[in-house]
Amino acid sequence: MGEMSNFQLGVIGALFLSVASSVSIVICNKSLMSNLGFPFATTLTSWHLMVTFCTLHAAQRLNLFVSKSIDFKTVMLFGILNGISIGFLNLSLGFNSIGFYQMTKLAIIPFTVLLETIFLKKQFSSKIKFSLFLLLVGVGIASITDLQLNFLGTVLSLLAIITTCVGQILTNTIQKKLNVSSTQLLYQSAPFQAAILFVSGPVVDQMLTKQNVFAYKYSPVVLAFIILSCLIAVSVNFSTFLVIGKTSPVTYQVLGHLKTCLVLGFGYTLLHDPFTGRNILGILVAVFGMGLYSYFCTEDNKKKQLASDLPLASQVKDKDSAAVLAGKNVGNQKEENDEVKKLSKDSVI
C-alpha cells in the first residue's frame, strides 16, 4: 500500500513538473520569437537538448544518478527518431495554417491509441475513448480557427504524427523493457537528438523563415532569453520522459492538451491575446474530458490492482490452510504415538 501511494505521489509530481515547465517555456519562447524576433525554433531545440545533456552529464559526475548502458543501436535510432519528429512538427507548422497544425497535434492521440491497440495489444475501455473524444472536441473548439489544406503540408503532418507517436511509445516501452529510468534514457539519447537537430535545424529554419541563424544579430536581451529557455528546457525534457515512463504516451498527450488550455488562458491574462466565448467553451469541454479521463483511468487502475491482489490473497489463504492442516496432522500423529506407547506399556505390565 505504501509503495502504491509513493508511486501515485511520483506520478502527481511528474505531471505537475511537466505542466509548470512546459507552460513556462511556451511563454518564454513566445516572448523570444514574437516580441524579440528570434524565429529559429528548430535550432533552439537543438540547443535545448545540448544543455540538457550537459546538465545530466554534470549530475552523473556528481553521482546524483547512475548511468546505465543501453544497446548503442537502440538508443541511437531512438534519439534520431525523436529528433526527426521535432523537425517534422516544425515543418508542419511552417507549411500549414495554425488550424491544420492544431489538427495534427490532436490526431496524435487517436493514432497512438490505434498503434498501441494493434501492436502492443493494449485495451482502451469505451469510457476512456469517450473521455478522449470529449477532450479532443474541446481543444479543437478552443484552438482551431482555420483549416487550409495543401499536399506538402499534409504529407509533413502525417510524417510528424507517425514519428511522434512511435517515438513516445518507444519512450515508454524502452524504459519498461530495459528497466531504465527516464533520466538514464534521456542521458543516453539526448546527444543523438541534439546532433540531428544541430545539423538539420539551421536548414529547416532557413526554409521556414528565409533567414540564417548564424547571421542573426544577438542582443544581450535575446541571449538572456535563449539561456533562460535552455534552462527551462532541461526540466521540460526530463519531465517528458518521466511522465511517459510513469504513465503512458496517451496520458502524456492528454497532459499536453491541458497545457494548451493553460497557455490560452495565460496568453489572455499575461500577454493580452484575443479571447472569445468559443475559447472559453472549448476549454471547459476539454477540461471536463480531462477530468473524465483521469477518473476512468484511476478506476481502471484500481480494478487491475484488485485483480492482481486476488491471486496473491488466494495463495496466502492456501498457505495458511496448509499450515493449519499440517498442524492438525502433527497433533493427530502425536496422539497416535501416545496411544501406541500406552498400549505397549499395558502389554508389558
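The first residue in the sequence is number 1, and the count goes up from there. On a predicted model such as this, the values are computed, not experimentally measured, just so you know.
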Visitor: Consider only side-chain N and O atoms of N279 and T276, and report whether a donor and an acceptor are under 3.5 Å apart.
Guide: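 Looking only at side-chain atoms, T276 and N279 do form a donor-acceptor pair, the distance falling under 3.5 Å.
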Visitor: Return yes if a side-chain donor-acceptor contact under 3.5 Å exists between Y252 and T247, otherwise no.
Guide: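 No pair is found: no donor N or O on one side chain lies under 3.5 Å from an acceptor on the other.
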Visitor: What pair of heavy atoms forms the shortest contact from Q193 to G79, and how long is it?
Guide: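 In this case the closest contact between Q193 and G79 is CG-O, 3.1 Å.
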Visitor: To check you understand the geometry: which heavy-atom pair defines the closest contact between C165 and L115, and what is its length?
Guide: CB-CD1, 3.8 Å
Visitor: Locate the shortest heavy-atom distance separating A194 from L49; write the atom from each residue and the value.
Guide: CB-CB, 3.8 Å
Visitor: Answer yes or no: is there a donor N or O on one side and an acceptor on the other, between the side chain of S235 and the main chain of I232, under 3.5 Å?
Guide: no
Visitor: Calculate, to the nearest 0.5 Å, the distance between atoms CD1 and CG belonging to I109 and L114 respectively.
Guide: 13.5 Å
Visitor: Would you find more than 12 non-hydrogen atoms of other residues, nucleotides or ligands less than 6.0 Å from K176 atom NZ?
Guide: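 More than 12 heavy atoms, drawn from other residues, nucleotides or ligands, come within 6.0 Å of this atom.
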Visitor: Test side chain to side chain contact (heavy atoms under 4.5 Å, CB included) on H48 and N29; report intermediate values, then the result.
Guide: CA-CA 12 Å; H48 288 169; N29 287 350; 4.1 Å; yes
Visitor: Take atom NZ in K259; do more than 12 heavy atoms of anything else shown fall under 6.0 Å from it?
Guide: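 For K259, atom NZ is crowded (more than 12 foreign heavy atoms under 6.0 Å).
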Visitor: When rounded to the nearest 0.5 angstrom, what distance separates CZ in F133 from OG in S126?
Guide: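 Here the rounded value is 14.0 Å.
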Visitor: Look up atom CD1 in I161 and atom CG in L156, then write down how far apart they are to the nearest 0.5 Å.
Guide: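 Taking CD1 in I161 and CG in L156, the distance rounds to 11.0 Å.
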Visitor: Transitively linked via ILVMFWY side-chain contacts under 4.5 Å: L134 with M290?
Guide: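 Yes, L134 and M290 fall within the same hydrophobic cluster.
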Visitor: Assert yes or no for the condition that the ring centre distance of F100 to F95 is strictly below 6.0 Å.
Guide: no
Visitor: Going by the ring-ring contact (aromatic ring centres under 6.0 Å, His included) test, name the single residue among F53, F238, F241 that passes it with Y187.
Guide: F53
Visitor: Donor-acceptor check, side chain of S92 to backbone of F88, threshold 3.5 angstrom: yes or no?
Guide: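 Not a single qualifying donor-acceptor pair exists.
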Visitor: Run the side chain to side chain contact (heavy atoms under 4.5 Å, CB included) test on L15 and L258 for me, step by step, so that the C-alpha distance in whole Å, both residues' side-chain angles and the decisive distance to 0.1 Å come before the verdict.
Guide: CA-CA 11 Å; L15 295 175; L258 171 61; over 6 Å; no
Visitor: Are V254 and F296 grouped together when hydrophobic residues (ILVMFWY) are joined by side-chain heavy atoms under 4.5 angstrom apart?
Guide: yes
Visitor: In the structure I gave you, are the side-chain heavy atoms of L170 and L77 within less than 4.5 Å of one another anywhere?
Guide: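 No; the side chains remain at least 4.5 Å from each other.
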Visitor: When rounded to the nearest 0.5 angstrom, what is the spacing between SG in C261 and CG in L135?
Guide: 7.5 Å
Visitor: Take T240 and Q168, measure what side chain to side chain donor-acceptor pair (under 3.5 Å) needs, and give me the verdict at the end.
Guide: CA-CA 9 Å; T240 296; Q168 290 180 359; over 6 Å; no
Visitor: Compare all side-chain heavy atoms of E299 with those of Y295 and state whether any distance is below 4.5 angstrom.
Guide: yes
Visitor: Any link between V203 and V199 through a network of hydrophobic side chains (Ile, Leu, Val, Met, Phe, Trp, Tyr) touching at under 4.5 Å?
Guide: no
Visitor: Do you see a donor-acceptor pair shorter than 3.5 Å between the side chains of K105 and T164?
Guide: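 No - no donor-acceptor pair under 3.5 Å links their side chains.
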Visitor: List the steps and the verdict of side chain to side chain contact (heavy atoms under 4.5 Å, CB included) for I169 and F119.
Guide: CA-CA 11 Å; I169 290 171; F119 295 104; over 6 Å; no
Visitor: State whether the number of non-hydrogen atoms from other residues, nucleotides or ligands found under 6.0 Å of F111 atom CZ is greater than 12.
Guide: yes
Visitor: Is there a side-chain contact between C297 and I128 in this structure, where contact means two heavy atoms from C-beta onward sitting under 4.5 Å apart?
Guide: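 Yes, close enough: below the 4.5 Å cut-off.
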Visitor: Report the distance from atom OH of Y216 to atom OG1 of T209, rounding to the nearest 0.5 Å.
Guide: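 Y216 atom OH to T209 atom OG1 measures 11.0 Å (nearest 0.5 Å).
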Visitor: Would you call the rings of F38 and F40 parallel, tilted or perpendicular, where under 30° means parallel and over 60° means perpendicular?
Guide: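 Ring orientation of F38 relative to F40: perpendicular.
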Visitor: Does any N or O in the side chain of S21 come within less than 3.5 Å of the main-chain N or O of S18, such that one atom is a donor and the other an acceptor?
Guide: yes
Visitor: Got a donor-acceptor contact below 3.5 angstrom from the Q253 side chain to the P249 backbone?
Guide: no
Visitor: Okay, side chain of T163, backbone of A160: is any donor-acceptor separation there less than 3.5 Å?
Guide: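 Here the side-chain-to-backbone pair exists.
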Visitor: As an exercise, state the distance from CG of N172 to OG1 of T112, rounded to the nearest 0.5 Å.
Guide: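 Rounded to the nearest 0.5 Å, the CG-OG1 separation comes out at 11.0 Å.
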Visitor: Are L231 and F225 grouped together when hydrophobic residues (ILVMFWY) are joined by side-chain heavy atoms under 4.5 angstrom apart?
Guide: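 Unlinked, L231 and F225 end up in two clusters.
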Visitor: Do the non-hydrogen side-chain atoms of F65 and S181 ever get within less than 4.5 Å of each other?
Guide: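 Not touching, per the 4.5 Å side-chain cut-off.
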Visitor: So, do M103 and N96 sit near enough that their side-chain heavy atoms are less than 4.5 Å apart?
Guide: no
Visitor: If only side-chain N and O atoms count, and only distance matters, is there a donor-acceptor pair under 3.5 Å linking S189 with N82?
Guide: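 No, S189 and N82 have no side-chain donor paired with an acceptor closer than 3.5 Å.
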Visitor: Using every non-hydrogen atom in the two residues, find where K68 and L178 come nearest and quote the distance to one decimal.
Guide: NZ-O, 3.4 Å
Visitor: Give the cluster check for V236 versus I226: same hydrophobic cluster or not, with ILVMFWY residues linked at side-chain heavy-atom distances below 4.5 Å.
Guide: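 Hydrophobic grouping puts V236 apart from I226.
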Visitor: Do you know which two heavy atoms are closest between L197 and P202, and how far apart they sit?
Guide: O-CD, 4.1 Å
Visitor: How are the rings of Y218 and W47 set relative to one another: parallel (under 30°), tilted (30 to 60°) or perpendicular (over 60°)?
Guide: tilted
Visitor: Test side chain to side chain contact (heavy atoms under 4.5 Å, CB included) on H257 and L136 and set out the steps.
Guide: CA-CA 8 Å; H257 293 305; L136 296 178; 4.1 Å; yes
Visitor: With a 3.5 Å distance limit and no angle check, can you tell me whether Q184 reaches the backbone of V66 through a side-chain donor-acceptor pair?
Guide: yes
Visitor: Taking the side chain as C-beta and beyond, is there a heavy-atom pair between F78 and I70 under 4.5 Å?
Guide: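 With C-beta onward as the side chain, the pair stays apart.
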Visitor: Is there a side-chain contact between S229 and I25 in this structure, where contact means two heavy atoms from C-beta onward sitting under 4.5 Å apart?
Guide: yes
Visitor: Is any side-chain heavy atom of Q211 less than 4.5 Å from a side-chain heavy atom of D205?
Guide: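 The answer is no; the side chains never approach within 4.5 Å.
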Visitor: Provide the closest heavy-atom pair for C230 versus V51 in the form atom of the first, atom of the second, distance.
Guide: CB-CG2, 3.8 Å
